[in-house]
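Here is the structure we will look at, set down as structure tokens.
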Number of protein chains: 2
Amino acid sequence: MPRAQTAAPPATTRPTGSKPPRPKTDRRSEILAAAQRCFVRSGFHGASMHDICNEAGMSPGNLYRYFPSKEALIAGIAERDRAEVAQEFASADLSRGFFAVLEGMAYHHFSERPDEQVKLCTEIMSEARRHPEIARISAAFDADVRKWLIDLLRAGADRGDIARDLDFDAVTTMLMVIADGVWWRRALEPNFDAKALLPIFMDITRHMLGSRTANRVRAKEGAG
Amino acid sequence: MPRAQTAAPPATTRPTGSKPPRPKTDRRSEILAAAQRCFVRSGFHGASMHDICNEAGMSPGNLYRYFPSKEALIAGIAERDRAEVAQEFASADLSRGFFAVLEGMAYHHFSERPDEQVKLCTEIMSEARRHPEIARISAAFDADVRKWLIDLLRAGADRGDIARDLDFDAVTTMLMVIADGVWWRRALEPNFDAKALLPIFMDITRHMLGSRTANRVRAKEGAG
DNA sequence: TCTTTGAGAATGAACGTTCATTCTCTTGAT
DNA sequence: ATCAAGAGAATGAACGTTCATTCTCAAAGA
């Protein structure tokens with residue numbers, strides 16, 4: 001059972017601090033990019049460390065100076081993607097109206113995000129079932145997304161774009177479920193046209209968030 | 001690159017043809033059940049053939065008389081599950097009303113199907129990306145489900161339970177996407193309460209299938 | 001009834017390979 | 001001379017798979 005530390009870069013000591021000593025871009029990023037290509041091509045278990053070394057143009061001994069294990073590579077990729085998504089949510093601009101923002105994000109998720117990332121995501125999820133460290137990262141990722149989504153919904157409610165008495169938790173869960181499902185299908189069906197689903201997605205979302213129906217908070221049953 | 005044949009049972013020669021020679025239940029089923037437990041516990045790659053042999057109470061040599069490779073085990077499980085789901089769809093009884101049937105099936109899918117099968121499903125899907133034979137089985141599975149769902153919708157429309165001018169393909173895709181998403185979350189979040197989503201799911205489904213909105217078939221744009 | 005026979009079921013040690021990881025050595029800049 | 005950066009052969013464990021062999025037992029022959 002291999003260890004799961006994320007391993008700091010191999011001493012980025014810049015003591016005298018004169019000129020930048022890195023002619024190429026950050027070595028760690030290069031390695032992660034190479035690993036990503038290999039994982040997408042052959043899967044986490046199908047890709048050997050030698051494959052990844054070749055792809056990165058680097059010897060095994062050297063690669064291990066940057067990442068302590070194969071698992072740390074997947075963990076590194078997951079963490080990097082998490083930062084990227086954080087960026088996307090942080091840049092949401094509600095002044096265009098709630099549904100415009102949501103549709104933009106949906107379009108991005110359904111269509112713009114490259115297939116590479118979608119496939120990689122399934123690899124990460126599969127490994128999350130086995131490696132606690134990866135499970136931790138992906139659970140944290142998930143909690144982040146949920147929080148951002150709920151904040152977005154609350155802000156939309158404040159603006160009056162959507163109903164105020166929603167069961168925000170349930171609605172958020174449903175949105176995430178749909179998003180997950182879309183990615184699962186994208187990963188599995190090479191020619192799946194997710195963006196064709198956008199109209200219907202926006203339609204049911206408007207319904208969920210706006211009309212007076214089952215997804216509202218209700219008084220708890222069983223009370224006197 | 002291992003072969004992918006599904007391997008017939010090891011010669012069920014019954015030449016004289018008198019009494020049934022099987023004292024125990026079918027050996028192949030026992031092996032699949034053992035493999036399923038191992039795959040759920042450790043994943044496809046985490047479970048070794050020796051693990052599976054132990055779980056099945058059988059030596060490797062003997063196990064290989066029933067299945068020609070590890071891959072054939074996953075393929076066998078996938079095929080077995082496909083048959084089971086076929087059963088479920090075949091027994092749908094529309095006389096109770098379309099939405100009652102749909103809600104029953106959703107409840108079954110969200111809650112009753114055991115977590116074991118859900119986890120296993122993610123393993124199968126992951127491997128489908130690598131092994132063509134497994135990809136074939138799971139694509140066939142998918143096509144079956146899609147066909148059954150569309151038939152169900154058509155029947156519901158004939159009964160007058162749902163709208164007649166739906167874009168059946170798009171709606172079916174959306175239903176499958178949601179179903180996929182629910183399973184993905186069930187696999188990832190150990191305490192995910194899918195059945196709490198049922199009301200909201202039924203609500204948006206009624207909306208999709210009944211009201212006059214974006215998910216209707218429209219005249220193709222651009223025509224004269 | 002007892003023995004022989006033979007075929008299928010099952011065994012488990014061994015094989016060859018693969019793979020993640022480590023070790024040792026070289027290079028090149030300061 | 002020192003030390004980070006890198007190379008690549010080496011290592012050893014683990015794995016899927018195979019195969020020579022043994023076990024079981026029902027039926028045929030005596």
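Here is how names work: the chains are called A, B, and so on, in the same order as the sequence lines, proteins then strands, and each is numbered from 1. Basis for what follows: all heavy atoms, side chains included, without hydrogens, waters or symmetry-related copies.
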Take the protein atom [atom1] of [X] and the nucleotide atom [atom2] of [N], then report the distance between them rounded to whole Å.
X     : N      : atom1 : atom2 : answer
A:F67 : C:dA20 : CZ    : C1'   : 16 Å
B:I74 : D:dG16 : CD1   : P     : 13 Å
B:M49 : D:dT17 : CE    : P     : 5 Å
B:H50 : C:dG12 : NE2   : P     : 12 Å
B:L63 : D:dC15 : CG    : C1'   : 15 Å
B:M58 : C:dT11 : CE    : P     : 7 Å
A:H45 : D:dC15 : NE2   : C1'   : 13 Å
B:N62 : C:dT11 : CG    : P     : 6 Å

task: Verify the distance criterion only: is there a donor paired with an acceptor across the side chains of A:R146 and A:T173 at less than 3.5 Å?
output: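 Their side chains do contain a donor-acceptor pair, which is all the 3.5 Å distance test asks for.
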
message: Pairing donors with acceptors under 3.5 angstrom, does anything connect the side chains of B:Q87 and B:R82?
response: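 Absent: no donor and acceptor within the cut-off.
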
message: Is there a side-chain contact between A:R65 and the phosphate of D:dA7, meaning an N or O under 4.0 Å from OP1 or OP2?
response: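 No, because none of the side-chain N or O atoms of A:R65 sits under 4.0 Å from OP1 or OP2 of D:dA7.
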
field: Any B:Y64 side-chain nitrogen or oxygen under 4.0 Å from OP1 or OP2 of C:dA10
entry: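 False: B:Y64 side-chain N/O out of range (4.0 Å or more) of C:dA10 OP1/OP2.
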
- request: Answer yes or no: is there a side-chain heavy-atom contact under 4.5 Å between A:F44 and A:L73?
  value: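 Side chain of A:F44 against side chain of A:L73, heavy atoms only: no contact under 4.5 Å found.
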
Heavy-atom neighbours of A:E84 CD exceed 12 at 6.0 Å: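 Yes - once you tally the heavy atoms of other residues, nucleotides and ligands closer than 6.0 Å, there are more than 12.
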
- prompt: Contact class for A:A47 vs. all strands (heavy atom < 4.0 Å): base, sugar-phosphate, or nothing?
  reply: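 Touches sugar-phosphate only.
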
message: Here's a test of your reading of the structure: between B:K70 and B:G61, which maps to the more 5' nucleotide of DNA chain D?
response: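 That would be B:K70.
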
- prompt: Side chain of B:S59: nearest nucleotide among D:dG6, C:dG12, C:dA20?
  reply: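 The listed nucleotide nearest to B:S59's side chain is C:dG12.
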
